[in-house]
Amino acid sequence: MLIAHSPDADDIFMYYAIKFGWVTQEDVEFDNIPLDIETLNVEALKGTYDISAISFALYPHIRDDYALLRTAVSFGEGYGPKLIKRKDKTLKRNFKVALSGKYTTNAMLFRIAYPNARPVYMDFLEIEEAVRSGKVDAGVLIHESILTFGDELEVEREIWDIWQELAGTDLPLPLGGMAIRRSLPLTKAIAFEETLTEAVKVARERKEELCDRLVKEKLVRIEGATLDKYLELYANDDSVELSQLQLKAIDKLFELGFQHGFYDTLVKAEDYLIPREYSQLRHS
């Protein structure tokens, strides 16, 4: 079973308990492919992978082909992607901005908040340099870049603040999750979700050991205190399984997207989760 995920530290952390053989599933051999988040989003639109990390903002576009998984989720709680610019730069109304992809959550929220800006889409690893060089006026940083960008740059606005203004509440900011192909047999899909959930639990329980190995094998771009801080932001105890508050936040994201013309229908997240009660009913 091939699992597609992003190459950033939180996705690596949440999957590699499986890769290292700490979590297994009977009669299933897992493999993984790391791809940047927008590539994952585009491939999900094509139905390329059975299990894939996605931006939550993408999900309504793939709802007919994929179910949402409850695990390996990343939310912002008072933090998130950052709109940055050079310190000597004043942004005009129609400023040119680098975004990490059309279907990312941060891009949708940004476009709602800045309808006159001119987006340019690029790999998230290229955004900081594009801003520094003047190729664009500003850029939205995601993943580890929010902790490591250069001193010549400054935060113009937090995507978290945009989310709070649009959502009108203190809901966490839904960023990334996992989706699984609907065509898979339901019993297998339930088992895959259980395995992935266990992998995140084990990663949290053995965090220090796992981080040491990830750094030693050069599987992550950051280390030490920066890695620890980053994982506490995006691969924390709230990443193990979606809560009712997180589901409410996803619903608010989908509502905003529908209201602003990004989706053709209003979607409720809970309606698109794997019905894991099927296994209980089957065995009762």
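Residues: numbered from 1 along the sequence shown. Fair warning: this is a prediction, and the values are worked out from it, not measured in the lab.
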Novice: Return the minimal non-hydrogen interatomic distance between I250 and A269, and the atom names on each side.
Specialist: CG2-CB, 3.8 Å

Novice: For atom CD of E208, decide whether the heavy atoms of other residues, nucleotides or ligands shown that lie under 6.0 angstrom number more than 12.
Specialist: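 No - once you tally the heavy atoms of other residues, nucleotides and ligands closer than 6.0 Å, there are 12 at most.
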
Novice: Evaluate the side-chain proximity of L173 to F75: yes if any heavy-atom separation is below 4.5 Å, no if none is.
Specialist: no

Novice: Is E152 salt-bridged to R86, cutoff N-O under 4.0 Å?
Specialist: no

Novice: Is any side-chain heavy atom of R213 closer than 4.5 Å to a side-chain heavy atom of E209?
Specialist: no

Novice: Going by heavy atoms in the side chains, are L171 and L245 under 4.5 Å from each other?
Specialist: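 Answer yes - side chains close enough.
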
Novice: Y66 ring centre to R182 NZ or CZ under 6.0 Å, with the angle to the axis within 45°?
Specialist: no

Novice: Can a salt bridge be assigned to the pair D65 and R181 using a cut-off of 4.0 Å between side-chain N and carboxylate O?
Specialist: no

Novice: Which heavy atom in P172 sits nearest to a heavy atom in A249, and how many Å separate them?
Specialist: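 Residues P172 and A249, closest heavy atoms: O-CB, 3.2 Å.
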
Novice: Would you sort out whether I127 and M122 count as a side chain to side chain contact (heavy atoms under 4.5 Å, CB included), showing the intermediate values?
Specialist: CA-CA 7 Å; I127 291 177; M122 62 181 65; 3.7 Å; yes

Novice: Say whether V42 and L35 are linked into one hydrophobic cluster, either directly or through other cluster members, by side-chain heavy-atom distances under 4.5 angstrom.
Specialist: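 No, separate clusters.
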
Novice: Is it true that K82 and E158 make a salt bridge, defined as a side-chain N closer than 4.0 Å to a carboxylate O?
Specialist: yes

Novice: Can you name the one residue among F56, Y103, F262 that meets ring pair (Phe, Tyr, Trp, His ring centres under 6.0 Å) with H61?
Specialist: Y103

Novice: Do Y230 and Y234 have their ring centres less than 6.0 Å from each other?
Specialist: yes

Novice: Quick test of your reading of the model: are K207 and E232 salt-bridged, counting only N-O distances below 4.0 Å?
Specialist: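 Yes.
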
Novice: If the plane angle is over 60° it's perpendicular, under 30° parallel, otherwise tilted; pick one for F110 and Y114.
Specialist: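 Taking Y114 first and then F110, their aromatic rings lie parallel (interplane angle under 30°).
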
Novice: What's the verdict on side chain to side chain contact (heavy atoms under 4.5 Å, CB included) for L58 and I62, showing C-alpha distance, side-chain angles and the deciding distance?
Specialist: CA-CA 7 Å; L58 171 81; I62 61 170; 4.0 Å; yes

Novice: With a 4.0 Å cut-off on N to O distance, would you call R70 and E241 a salt bridge?
Specialist: no

Novice: With no hydrogens and no angle check, is any side-chain donor or acceptor of E144 less than 3.5 Å from a backbone partner on A9?
Specialist: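 Flag set: sc E144 to bb A9 pair under 3.5 Å.
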
Novice: For I180 versus L184, what's the shortest heavy-atom pair and its separation?
Specialist: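 Minimum heavy-atom separation between I180 and L184: CG1-CD1, 3.6 Å.
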
Novice: Within the structure provided, determine whether M1 and E29 are in side-chain contact (heavy-atom separation under 4.5 Å).
Specialist: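 Heavy-atom side-chain distance check fails, nothing below 4.5 Å.
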
Novice: Do E38 and N41 have side-chain N/O donor and acceptor atoms under 3.5 Å apart?
Specialist: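 N41 and E38 do have a side-chain donor-acceptor pair below 3.5 Å.
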
Novice: Checking S100 against D123 for the side-chain hydrogen bond (donor to acceptor under 3.5 Å, both in side chains) test, could you report, in this order, the C-alpha distance in whole Å, the side-chain angles of both residues, the deciding distance, and whether it holds?
Specialist: CA-CA 6 Å; S100 54; D123 188 293; over 6 Å; no

Novice: Run the numbers on E193 and L196 for side chain to side chain contact (heavy atoms under 4.5 Å, CB included), then give the verdict.
Specialist: CA-CA 5 Å; E193 182 175 65; L196 290 167; 5.9 Å; no

Novice: Tell me, please, which residues at least two apart from L2 pass side-chain contact (heavy atoms from CB on, under 4.5 Å).
Specialist: D31, I33, Y49

